[in-house]
Amino acid sequence: MRNRLPGLAFALAITSITFAQTNNFSLHPESDKQPSPTFTLKDALELAAKNDPTLIAATTDAEVARQDRRQARTALYPSLSGRSEYLGTEGNGKIPTGAFVTNDGVHVYREWAVVHQDLSPGTFTRVAVQRATALEALARARVEIARRGLAPTVAKLYYGLLAAQRKYATAQQALDQAQHALTISQDLERGGEVAHSDVVKSELQQNAQQQALNETQLGMETARLDLAVLLFRDFNENFSIVDDLDLAPALPPLPDVETMAGRENPILGAAIQTLRSAGLDVTLARQAFLPTFGVDAIYGIEANAIALESRDVAYKQDGPVSTPGYFIDAVLNIPMWDWGVRRSKLRQAEIKREQAQVELSATERTLIRNLRGYYGDAQTARQQVDLLRRAIDLASESLRLNTLRYQAGEATVLELVDAQTALIQSRNAYDDGMVRYRVAISNLQTLTGNF
């Protein structure tokens, strides 16, 4: 009669194994003395956004575009400037007005306040402001594209670390199982119930699980380093993350996803704003064929001394006269001939507009394709998660039954080892499947926004 106590204890140990939810595993015991921050996926996204060069560059471009819009708007208004000049003219030794007939003395001072206004078709149509507004909207759309594009990268590394931690815990449990199986085989061999080959096979399984544990530990360290690079400007690997891998959001129906993509997609918005700005460039190029009008209203003094009254050196006999005054300089510029430069610029703008139309059409088609592809990927991953979860239940039951059968002499050690391997593989496959689903959701949300 076999001694069944070790086998029963092993079976109980197998059935009590659950998924490891290791959120704060440290490979450096000395660092445990220091409190480490704990991040959710949302926290990780916020940290990564502060350090990602692409997103920071897009944000900078958006701020520059906002200032360009302000400058374009203020360029429509009159400008006020002050002007101070001194004109020193060489005297000719005979008359007091000096060598240059344009000056009425050898010392001339100009103190002017100048109001300048350019009047053109663009001033009234505000095309420049509209173009700057479109470019600002384009820059903001690119910021959103960069922000959403960062999310799948963060999600992949974040959940990759969680999966690595789970696999490490699974490998630890698998090693415990292998060690327990080796103990049972050794006890049964001493009782003459199994051959020595069972002990050899159990020991080989133990060695294999020890190697697997070492590999999963290395994988966990690597995953942590990869995520740390993304999260911290000053490199730091002393952190932990919240395990929400099993709390994935539900996948909305396809019609709802299509509606969100049409309303919230920044890639499509960027293409639309590109076409809009290209159309306004055409309008600006056409306006170059029209006349422009400029006005300078000037008030101040132009006299031989800086004073409210001055004696003109050419007319000293007339005494002091008032120096402040104004004059208006109006210029009408009518384009006539420039060797085809304006027409060439118009053609350039039209070519760019045609290109923008083609890119918008291609963007719409690509959006539809990516939306269907990302949705299909997420849907398939969701279905596979359900199958993988069922596979874990079946593998756990198979291991329990094979353990009992091996203890009763109805199963071989190979069947027991196969059952152990199947349980380990099913757990790792489930973790990989959950990571795939979460990354697929992140990819889909680059087109739809959060849901």
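The analysis underlying the following values was restricted to heavy atoms, covering all of them including side chains, and did not include hydrogens, waters or symmetry mates.
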Check: Pairs in or reaching into residues 439-451: which pass side-chain hydrogen bond (donor to acceptor under 3.5 Å, both in side chains), with residues at least two apart or in two chains?
Finding: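 Qualifying pairs, neighbours excluded: none.
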
Notebook entry, point to check: Can you list every pair that meets side-chain hydrogen bond (donor to acceptor under 3.5 Å, both in side chains) and has a residue in residues 374-383, with sequence neighbours left out?
Noted result: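 Listed by first then second residue: Asp377-Arg436.
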
Next item on the list: Could you list the residues that satisfy side-chain hydrogen bond (donor to acceptor under 3.5 Å, both in side chains) with Glu136, not counting sequence neighbours?
Entry: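 side-chain hydrogen bond (donor to acceptor under 3.5 Å, both in side chains) list for Glu136, sorted by chain: Arg69, Arg140.
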
Note to self: Suppose we screen for side-chain hydrogen bond (donor to acceptor under 3.5 Å, both in side chains). Which residues come up paired with His116, at least two apart in sequence or across chains?
What the structure shows: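 For His116, the residues satisfying side-chain hydrogen bond (donor to acceptor under 3.5 Å, both in side chains) (neighbours in sequence not counted) are Asp118, Asp296.
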
List for me each residue that meets salt bridge (Lys or Arg N to Asp or Glu O under 4.0 Å) alongside [X], sequence neighbours excluded, and say none if there are none.
| X | result |
| --- | --- |
| Glu144 | Arg147, Arg148 |
| Asp338 | Arg342 |
| Arg83 | Glu85 |
| Arg66 | Glu63 |

Note to self: Less than 3.5 Å apart, any donor N or O on the side chain of Gln130 or Thr283 sitting next to an acceptor on the other?
What the structure shows: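 Distance-only check fails for Gln130 and Thr283.
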
Notebook entry, point to check: Are Tyr158 and Asp43 linked by a side-chain donor-acceptor pair shorter than 3.5 Å?
Noted result: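 No, no side-chain donor-acceptor pair sits under 3.5 Å.
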
Next item on the list: Look up atom CZ in Arg438 and atom CG in Leu41, then write down how far apart they are to the nearest 0.5 Å.
Entry: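 Reported to 0.5 Å precision, the distance equals 6.5 Å.
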
Checklist line | Residues which pass ring-ring contact (aromatic ring centres under 6.0 Å, His included) with Phe327, listed by chain and number, not counting sequence neighbours | finding: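 Expected list: Trp112.
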
Margin query: Just to verify, what does Phe39 make a ring-ring contact (aromatic ring centres under 6.0 Å, His included) with, not counting sequence neighbours?
Written below: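 Testing Phe39 for ring-ring contact (aromatic ring centres under 6.0 Å, His included), a comparison that skips the adjacent residues, returns Phe232.
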
Next item on the list: Can you run down the ring pair (Phe, Tyr, Trp, His ring centres under 6.0 Å) pairs that involve residues 339-362, sequence neighbours left out, and say none if there aren't any?
Entry: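 For residues 339-362: Trp337-Trp339.
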
Note to self: Does Leu308, at its CG atom, have more than 12 non-hydrogen atoms belonging to other residues, nucleotides or ligands within less than 6.0 Å?
What the structure shows: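 Check fails, neighbour count at 12 or below.
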
Which atom pairs, one a donor and one an acceptor, fall under 3.5 Å between side chains of residues 347-355 and the rest of the protein, sequence neighbours left out?
| residue | atom | partner | partner atom | Å |
| --- | --- | --- | --- | --- |
| Gln355 | NE2 | Glu359 | OE2 | 3.1 |

